[in-house]
Each structure stands twice: as C-alpha cells, then as structure tokens.
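What follows is a short report on a single structure.
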Amino acid sequence: MLSVQRPDLLPDPALSREEMEALQREIAAEASFENDLSFDPAAVTDGPLSTPGEGPPLVAGVDQAFLDDRAISAIVVSRGGEIVERVYAVSELSIPYIPGLLSFREGGPIVDAVAELTVEPDLVLFDGSGRIHFREAGLATHMGVVFDVPSVGVAKSLLCGTPTDTTDNLPEGARVPIEADADVTAAAGTVIGHAVQTRQYDSGNRSINPLIVSPGHRVDADTAAALVAALTDGYKLPEPTRRADAYAEEAKSLFDG
DNA sequence: GCGACAG
DNA sequence: ATCTTGTCGC
C-alpha cells in the first residue's frame, strides 16, 4: 500500500489561493522529472508478454466520477493487463474546480481512495496534467510527490504550454512535444510533456484529438509518453485509465440510479 | 480590460 | 466533470 510520505504537502482545500500556489511551487521543487523507476519502461505493455523473470510492473489507473457534491475516486491496479485490485472512495467536495488548482479539489478524495489500497503500484496514471501546469505542479505531480510514487498525467486537453507543431489530424502513433512558454514557470522551451495520438481514424472526415501526457513525478517527458503509448490498446485512453473510468462509473451507479 | 485554462 | 438525441462511419 502507498502511504503519504509528505503530509506537509497534502492538498488542503482550506488554503487561500495564494497559499495553494505557494504550495505548488514547493511541490514542483520536490518533484523529479527524471526516471526513477523500479522497472524497465521499455518492457512495459498492458499484455502478458513483458520483462521475462520478474513480470510486468503493477500499474494503477485513477479516475473519478461526480455526484452532486461528492467525488467517487476509483483506482484499478493491474499487472500485464490482469486486474490485481480495485478500490474506490466516496468523498465530499469542498471547493469548486479552478483551472490550475484541480488537485486541491480532487486530491483529497484521491488520497481517500489510495488509503483503501493493499498493493503498492510501481506506476500511477492520473486523469489530468502533471508537469504541464502553470507552476509545474498538476494533479499527477502533486499526488506523485505526496506518495513519492512514479506518476504520469493523462489529460484530454491542453492546460498550458505550446506544442512545437500542429496537433491537428496527427497520424496514430504521432507525438508532438509541448514546450514551456511564458505561462509556465519552467524555462521557455523546456519540453514539459507531449500530445500523444494514441488513436486515429484511418480515413474519413472526423479526427480524434490527441491525449496530453506529462510527467507527474520520477518519470521524464519522453518516458511518460512512451509508457502511455505502451499501455494503450485500441482505444484513445490507456487501459489503466479506462479501467478506472469504468469502475468509477460503476461505483457511481451504485449510489444514484 | 481582455484573454483563458486539466476535471 | 455532468446533462443528453441524434448521427456518422467502420
């Protein structure tokens, strides 16, 4: 089970906006955007074949569903595509969604769900940004640092930063770097993540938008993108995220309908 | 004042 | 995120 390593950096919704931003700068200073993994990222897949001998790493997907003022946080842990554990927690939400401060709304509920885990993931995928954040401390980075676990941010749209090329109609498998600009604390030009086209229609009129992948903690930008691509299997979202998404919806339906 | 931004 | 019918394309 993962345990809180930095209680001083937990997302406190009662902080003022200024204090939240100050905490994010502190988190960014504690975060590592370099690989520090317990497994070989080049051998990761969501299928059975992987590193011979020691077996694939435990990968967790985290996602949430909402119902009134409550958040249902779900975590699904799998190894080589096989589900190892599923947990969820229902938590009261105390503050609204504010761009740039997402972890202060959803971080607490996620911590609640993590407390239910009995296994310790080698990698955690979050729904949102990591380093692609004004102060380089998005949800994935915040949670990664609090638990000191390798993490990756998987977002469906870009919060900030500038793509080095167009991200429209990219072919499947394509990857476009996202660089820090004046809106980001990192030095301009620093690659803080990538647009990753995990899926695309072969032909036709419509096109699928790429995923926005960024390092959370203990993973570099290239590896984060490669891991998400390796964990994807025919759908836009990587499998760990899809499983968490489905489980969150399932848990939610237990409460309403 | 304008712009604008994860879930 | 959530609210929702239809509609296009494989």
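Proteins come first, then strands; the chains are lettered A, B, ... in the order of their sequence lines, and each starts at number 1.
Interface residues of residues 134-152 of chain A facing DNA chain B, ordered by number: A/Gly138, A/Leu139; criterion, heavy-atom separation under 4.0 Å. In the region residues 94-104 of chain A, proximity to DNA chain B at under 4.0 angstrom, judged on heavy atoms, holds for A/Tyr97, A/Pro99, A/Gly100, A/Leu101, A/Leu102.
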Derivation and outcome, side-chain contact (heavy atoms from CB on, under 4.5 Å), residues A/Ile208 and A/Gln197: CA-CA 8 Å; A/Ile208 298 175; A/Gln197 197 73 48; 4.0 Å; yes
Checking side-chain contact (heavy atoms from CB on, under 4.5 Å) for the pair A/Phe66/A/Leu93: CA distance, chi angles, key distance, verdict? CA-CA 9 Å; A/Phe66 301 86; A/Leu93 293 167; 3.6 Å; yes
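With salt bridges taken as basic N to acidic carboxylate O contacts below 4.0 Å, none links A/Arg86 and A/Glu116. Ionic pairing of A/Arg199 and A/Glu172 is not present here: no N-O contact between side-chain nitrogen and carboxylate oxygen is shorter than 4.0 angstrom. Between A/Arg242 and A/Glu239 there is a salt bridge, since a side-chain N of the basic residue sits under 4.0 Å from a carboxylate O of the acidic one.
Side-chain atoms of A/Asp8 and A/Glu26, non-hydrogen and from C-beta on, do get closer than 4.5 Å to each other. Between A/Ile98 and A/Arg17 the shortest side-chain heavy-atom distance falls below 4.5 Å. Residues A/Phe126 and A/Thr241 have side chains not in contact (no heavy-atom distance under 4.5 Å, counting atoms from C-beta outward). With a 4.5 Å cut-off on side-chain heavy atoms, A/Leu10 and A/Met143 do not count as touching. Put simply, the side chain of A/Leu125 reaches to within 4.5 Å of the side chain of A/Pro238, judged on heavy atoms.
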Dot-bracket for DNA chain C: what is it, with Watson-Crick or G-U pairs under 3.5 Å, [ ] where a pair crosses earlier ones, and | for a pair to another strand? ..........
Dot-bracket for DNA chain B, 5' to 3', counting Watson-Crick or G-U wobble pairs under 3.5 Å, with [ ] for crossing pairs and | for inter-strand pairs? .......
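Pairs of residues two or more places apart, or lying in two chains, that qualify as side-chain hydrogen bond (donor to acceptor under 3.5 Å, both in side chains) and include a residue from residues 101-113 of chain A are A/Ser91-A/Asp112, A/Ser103-A/His142. Among pairs with a residue in residues 15-35 of chain A, none fulfils ring-ring contact (aromatic ring centres under 6.0 Å, His included), at least two apart in sequence or across chains. The stretch residues 215-231 of chain A participates, sequence neighbours left out, in these salt bridge (Lys or Arg N to Asp or Glu O under 4.0 Å) pairs: A/Asp36-A/Arg218, A/Asp148-A/Arg218.
For A/Asp168, there are no salt bridge (Lys or Arg N to Asp or Glu O under 4.0 Å) partners at least two apart in sequence or on another chain. Taking A/Phe134 as the reference, nothing meets the ring-ring contact (aromatic ring centres under 6.0 Å, His included) condition, with sequence neighbours excluded.
Among the candidates A/Val213, A/Val124, A/Thr141, the single residue satisfying the side chain to side chain contact (heavy atoms under 4.5 Å, CB included) test with A/Val152 is A/Val213. Partner of A/Arg243 under the salt bridge (charged side-chain N to carboxylate O under 4.0 Å, His left out) criterion, chosen from A/Asp63, A/Asp233, A/Asp46: A/Asp46.
The nucleotide range of DNA chain C contacted by chain A, defined by atoms under 4.0 angstrom from heavy atoms of the protein and reported 5' to 3', is C/dA1 to C/dC10. Contacts between chain A and DNA chain B, taken as any atom within less than 4.0 angstrom of a protein heavy atom, begin and end at B/dC5 to B/dG7.
For A/Asp202 and A/Glu249, each mapped to the nucleotide of DNA chain C holding its nearest heavy atom, the one lying further toward the 5' end belongs to A/Glu249.
Here A/Ser129 lies in heavy-atom contact (under 4.0 Å) with a base. Among the heavy atoms of the strands, none lies under 4.0 Å from A/Ala71.
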Only pairs under 3.5 Å count here: list side-chain donor-acceptor contacts from residues 154-164 of chain A, not counting sequence neighbours, and write none if there are none.
{"unit_1": "A/Thr162", "atom_1": "OG1", "unit_2": "A/Asp181", "atom_2": "OD2", "d": "2.8"}

